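These numbers come from a predicted model, not from an experiment. Order of appearance sets the numbers: ligands from 1, and atoms from 1 within every ligand.
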Amino acid sequence: MPTPIAAFDRIGEENAFAVLARATELAAQGKSIINLGIGQPDFKTPDHIVEAAVKALRDGHHGYTPATGILPLREAIAADLLARTSVEPRADRIVVVPGGKVTMFMAILMMGEPGVDILYPDPGFPIYRSMIEFTGARPVPIPIREENDFAFSAEETLSLMSDRTRLVILNSPANPTGGVTPKAEIDALVAGLAAYPKAAILSDEIYGRILYGDAEHVSLLTYPEIADRLILLDGWSKTYAMTGWRLGYAVWPDGLFEAARKLAVNAWSCVNASAQHAGLAALTGPQDAVDDMVAAFDRRRSLVVDGLNRLPGVTCRTPNGAFYAFPNISGTGFKAKDLASRLLEGAGVALIGGPDFGILGEGYVRVSYAASEAEIEEALARIGRFLETETP
Ligand code: PLP
């Protein structure tokens with residue numbers, strides 16, 4: 001029987017998909033399931049975006065496109081970044097990819113090998129560590145701490161760096177915590193990076209437009225001193241409710257762009273042409289659907305945070321971005337993954353145990369509030385009943 005190379009013994013996955021599969025299975029058996037597990041907006045892709053894709057197909061855009069994406073789309077991305085960050089990247093350094101996740105796959109594959117270190121947030125998006133392990137590089141977790149409001153610390157991050165550090169992965173606003181790292185911290189980190197000129201930076205800014213209150217998104221693109229080693233990851237999935245379209249992009253630095261382009265040619269040739277036209281309509285069309293979605297998330301955020309803080313043994317910080325709350329459940333006496341699986345099987349509420357996002361996730365669960373207010377209220381009531389009646 002053929003078997004894959006040994007590196008596949010080290011590759012991980014994303015438990016949110018396993019939870020989604022189990023939740024779907026339970027729902028198919030007739031159980032009432034509220035899904036606060038999966039990280040995708042519950043809104044529809046705005047109509048004008050869908051229409052642009054349909055029109056593209058009708059207009060005959062059914063062939064291959066340039067591997068890095070159609071030029072109008074790359075120009076629109078550059079213009080959108082200029083409007084949002086005041087820095088305009090070169091359109092010919094942008095690579096459109098089938099989903100934001102693909103950029104992390106590419107960057108980690110490009111930089112990871114035995115003998116080097118790659119830093120990544122813990123708790124953080126599980127694919128970072130999975131891919132680092134796959135390449136044989138040493139995964140070095142950057143602790144993301146509750147007492148720091150789930151922002152990363154420049155000092156702690158820099159203390160983990162050395163001449164072996166080949167790549168540093170940053171994510172703000174963050175999954176799974178909703179943490180947003182303030183500008184002062186990013187300034188300090190960038191200043192410290194001068195001591196490690198060989199280290200590339202992958203800044204995952206996919207939640208950059210989902211912010212609340214006074215929170216400010218500071219793009220790493222705004223630091224010219226690291227422009228020659230910054231890989232900026234962004235995409236449409238979260239901002240425009242387009243997770244299933246599989247569309248993302250990255251801005252690559254000069255020295256890595258050719259490698260990224262060749263990887264694209266080798267792996268997927270180009271992204272689905274109609275999806276690229278949809279992405280163009282999303283960036284150049286009206287943005288009110290994005291604003292409405294963020295306003296709805298904001299209302300749900302209050303509901304979730306207030307509700308969680310009323311539960312016995314649970315405390316929850318107010319997240320500043322993304323659509324996740326990361327409550328501390330250590331006071332319940334339950335282990336996080338045990339609580340998540342018992343809530344799904346026994347109470348019909350899907351959420352994700354913190355350890356699925358890293359070692360430091362123990363004692364927490366991730367609650368995605370990409371669900372209706374009625375569903376959130378019902379889920380909180382079910383969790384409350386569960387905690388009052390069940391024991392670890
Ligand atoms: N980066 C982070 C932090 C995410 O949470 C996700 C999706 O959950 C992605 C990237 C990937 O997004 P996409 O669905 O566009 O691949």
Side-chain angles (χ1 to χ4, degrees), residues 12-20 35-43 45 49 69 73 77 94-108 119-132 142 144 150-152 167-181 201-211 217 219-220 231-251 264 267-268 271-272 275-276 278-279 282-283 297 319-326 350-352 354 356-358 361 366-370:
E13 53 187 316
E14 215 188 317
N15 200 35
F17 283 97
V19 171
L20 177 65
N35 196 342
L36 306 183
I38 194 79
Q40 67 180 339
D42 55 320
F43 301 101
T45 305
I49 300 177
L73 179 57
I77 293 165
I94 292 170
V95 180
V96 177
V97 283
K101 202 184 233 178
V102 177
T103 295
M104 65 185 79
F105 182 88
M106 295 166 80
I108 298 169
L119 273 58
Y120 69 101
D122 179 340
F125 192 58
I127 299 307
Y128 305 141
R129 184 180 176 114
S130 162
M131 276 305 298
I132 297 167
I142 303 170
I144 304 296
F150 298 119
F152 56 77
L167 180 67
V168 181
I169 303 175
L170 304 170
N171 174 220
S172 174
N175 179 7
T177 59
V180 176
T181 301
I201 300 113
L202 170 64
S203 184
D204 182 342
E205 302 186 9
I206 200 140
Y207 296 100
R209 285 189 64 187
I210 307 180
L211 290 171
H217 173 57
S219 174
L220 273 279
I231 305 159
L232 177 81
L233 180 161
D234 206 333
W236 289 258
S237 296
K238 318 288 175 174
T239 314
Y240 298 98
M242 291 177 71
T243 50
W245 291 75
R246 308 314 301 135
L247 190 65
Y249 70 83
V251 182
W268 55 87
V271 172
N272 175 314
Q276 293 191 53
L283 293 179
F297 284 145
N320 292 314
F323 38 72
Y324 308 111
F326 204 58
L351 29 82
I352 314 285
D356 285 333
F357 302 97
R366 187 188 78 174
V367 180
S368 161
Y369 47 89

Short question: side chain of Lys101, backbone of Arg246 - any donor-acceptor pair under 3.5 Å? no

What residues come within 4.0 Å of ligand 1, counting heavy atoms only? Gly99, Gly100, Lys101, Met104, Phe125, Tyr128, Asn171, Asn175, Asp204, Ile206, Tyr207, Ser237, Lys238, Arg246

All salt bridge (charged side-chain N to carboxylate O under 4.0 Å, His left out) counterparts of Asp42, not counting sequence neighbours: Arg300

Suppose we screen for salt bridge (charged side-chain N to carboxylate O under 4.0 Å, His left out). Which residues come up paired with Arg366, at least two apart in sequence or across chains? none

Minimum side-chain heavy-atom gap Asp234-Tyr249 below 4.5 Å: yes

Mind checking whether Phe323 and Phe297 have parallel, tilted or perpendicular rings, split at 30° and 60°? tilted

According to ring pair (Phe, Tyr, Trp, His ring centres under 6.0 Å), who are the partners of Phe357, at least two apart in sequence or on a separate chain? none

